[in-house]
2 protein chains.
Amino acid sequence: MDDVARLAGVSVSTVSHVLNGTRNVNPATRQRVDAAILEIGYRRNVVARSLAAGRTHTVGLSIAALTNPYFGSLVHAVERRLSEAGYVLILGDSHDEPQPERRVTDSLLDRQVDGMILAPAAGSEVSTIPEIVRSGTPLVLIDRMLDVPCDQVGPENDASAYELTAHLLDSGHRRIAIVRGIEGISSTTERFDGYARALADRGIELDPRLVLDGRSSVEVAESRVRELMSGTDRPSALVSMNNSMTIGSLKAVRGLGLSIPADLAFVCYDDFEWSDLFEPRLTAAAQDVQTIGRTAADLVLRRIEGHEDAPRSIRVPTTFTHRNSCGCTAADKPVAPRR
Amino acid sequence: MDDVARLAGVSVSTVSHVLNGTRNVNPATRQRVDAAILEIGYRRNVVARSLAAGRTHTVGLSIAALTNPYFGSLVHAVERRLSEAGYVLILGDSHDEPQPERRVTDSLLDRQVDGMILAPAAGSEVSTIPEIVRSGTPLVLIDRMLDVPCDQVGPENDASAYELTAHLLDSGHRRIAIVRGIEGISSTTERFDGYARALADRGIELDPRLVLDGRSSVEVAESRVRELMSGTDRPSALVSMNNSMTIGSLKAVRGLGLSIPADLAFVCYDDFEWSDLFEPRLTAAAQDVQTIGRTAADLVLRRIEGHEDAPRSIRVPTTFTHRNSCGCTAADKPVAPRR
DNA sequence: GTGAAAGCGCTAACAT
DNA sequence: ATGTTAGCGCTTTCAC
């Protein structure tokens, strides 16, 4: 910057101001500075700038499991919004475990991110979240809601799971198994509650043997479903509570030589881009990932800009998409919109 | 850091050294420093550290299109390796256009990334790449190879495309259409060459009407395929050269009420995790995304550590997976390994 | 084994 | 409209 200043015959402070547009500069001066910058091939050092200015124009994103394509789309949506706002995304993967998560968030905090978006692992509230709050860094939770006072965005879980289950019940199914997600996070609990409530509303007792812990993993879901479907009294229907477990469940079903929906009615939470193109076509509750990601980004940006109002908890509705994996007679006909 | 030093009764330089393990410190002193750090709840400022030390421990990744799940997995693989090595990932999306790409890479350079991984958009070599090279930042190209002297990692394209096409030819198809990717990048060119070479080897003339420009986009591929398949002399087979265009092609096919492989044999470059689970099951050439991502990360890391040997160009082999969308009689039987 | 102090490349308050 | 300069919070050389 010194060199630029010298070449343009001005002071570094003028260079800084033309660079940032932070005060009026005589057009002629500006010209000389711009020319000097070009001639030298000067590039501003954002690290120094961040240190001096006290902000980095970065937002940290700690994702629970990048292996899950759902989180991939979330990253995309967040990145898009942030870059529109002139911010940059620093990405970390917590592998859905408290220890790595803490490492990721510590590293982000050390790097002085202006804000943080966190898809919390189970147990975040004991160590990770208090630490972030203590640092004073604006925080927004994504995908999984927690009972802590900060901005949160997630999908509607309970009602959507209810709807999926009710759909199977309405088609006459009575033994409906569920593959539920990783323990200790809201999305798992809420989706399970929706399932349980749908059964209760129809006066059907919840059979614990039909409750499978898929731990949000392809492999675990596959082995649980394989066990269940290899047993003697198999369910007539299955609801999978996220996309990884859907893949796992279908691997198991296919592995056993069963077919959907003939041998097993199937519905799932989370949709795929290609769901309309392949058989069986999955009846699913689709999250609006773009909206969730964008909203999360908007929320941090607001906080970064200094808004101090009460924390918001935003639920983004899902879309129930009726296809043929549920095997019901109404298959392929549009269904009445939910409430 | 001053506060910590004062509380521990040492100098800041000692604090710095215990923090970084950069020189011997009396165990007792170290204890006092650690205690002080804990008591104050001190957190190092990595921005200041980066400025003073001249390195940021960050690597920038500019991806061509985060909408493509293939690149999502690439991000994942790269992040994993970098975080293992104590580096942090800064992510940007170029939307496969030169201008946004330049903005992304400029921003990464301004942020003093220690190294950069770039999935180049068409036209990168005119502005983006020279600029990065000029900055002296270690650069590795990913997915798309260019005729520039820097490290590069990408999939094997030509031979895999040849194999896909040859497979259709060997099943008796003579009119084989291709949906090729975005213009001006190596993967498109090389995959097209593989296709053309397979035809030529069988003495079949390339029919330009069967060459569709899908521009690596779901929508464009869909409309091109729809046009072609609505026409009078339809091909008997189609090869799609990446996963986005595969989705697009299948949308078109389904939209026209045609079925695969009965009405159209279909094979594609790029595989999906669920390809075994749904019908039609795609015969595909699967990239080893994990290896590509990991290798790219390893290469930048090497450069960052100062290795100065000649640029490497690494091709990662694909896996031909034979399923039933090609409609050939040998379907589902394993195929002889390539060469 | 430890400390003092000179930067790293900027921003922004204060002057003029 | 422009310049001077004191930091920002560290690392690292040099000295003891």
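- Within a 6.0 Å sphere centred on CZ of Arg215(B), other residues, nucleotides and ligands contribute 12 heavy atoms or fewer.
- For the residue pair Ser13(A) and Arg23(A), a side-chain donor N or O sits within less than 3.5 Å of a side-chain acceptor on the partner.
- For Arg23(A) against dG3(D), a side-chain-to-base donor-acceptor contact under 3.5 Å is present.
- Put simply, the side chain of Ile292(B) reaches to within 4.5 Å of the side chain of Tyr70(B), judged on heavy atoms.
- Side chains of Asn20(B) and Arg44(B): a donor-acceptor N/O pair is present below 3.5 angstrom, by distance only.
- Counted by atom type alone, Ser62(B) and Glu101(B) present zero donor-acceptor pairs between their side chains at under 3.5 Å.
- Inter-axis angle, ends of the helix from dG1(C)-dC16(D) to dT16(C)-dA1(D), five pairs per end, rounded to 10 degrees: 30°.
- Here dT2(C) presents its P atom at 13 Å from CD of Gln31(B), a figure rounded to the nearest Å.
- Counting heavy atoms from C-beta on, the side chains of Arg80(B) and Asp93(A) never come closer than 4.5 Å.
- The existence of a salt bridge linking Asp106(B) and Arg102(B) is confirmed by a sub-4.0 Å separation between a basic side-chain nitrogen and an acidic carboxylate oxygen.
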Interface polar pairs with nucleotides 9-12 of chain D, N/O, under 3.5 angstrom:
unit_1  : atom_1 : unit_2   : atom_2 : d
dG9(D)  : N2     : Ala48(B) : O      : 3.4
dC10(D) : OP1    : Tyr42(B) : OH     : 2.6
dC10(D) : OP1    : Asn45(B) : N      : 3.3
dC10(D) : O5'    : Tyr42(B) : OH     : 3.3
dT11(D) : OP1    : Asn20(B) : ND2    : 3.0
dT11(D) : OP1    : Arg49(B) : NH1    : 3.0
dT11(D) : OP2    : Ser16(B) : OG     : 2.6
dT11(D) : OP2    : Asn20(B) : ND2    : 3.4

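- Remark: of the listed residues Val113(B), Val59(B), Val300(B), Val78(B), Val59(B) is the sole one forming a side chain to side chain contact (heavy atoms under 4.5 Å, CB included) with Tyr87(B).
- Taking only side-chain atoms of Asn24(B), from C-beta outward, the nucleotide of dA1(D), dT13(D), dG1(C) with the closest atom is dG1(C).
- Counting to the nearest Å, the C1' atom of dG3(D) and the CZ atom of Arg32(A) are 13 Å from each other.
- Atom-to-atom, CD1 of Ile37(A) to P of dC10(C) comes out at 10 Å; the value is rounded to the nearest Å.
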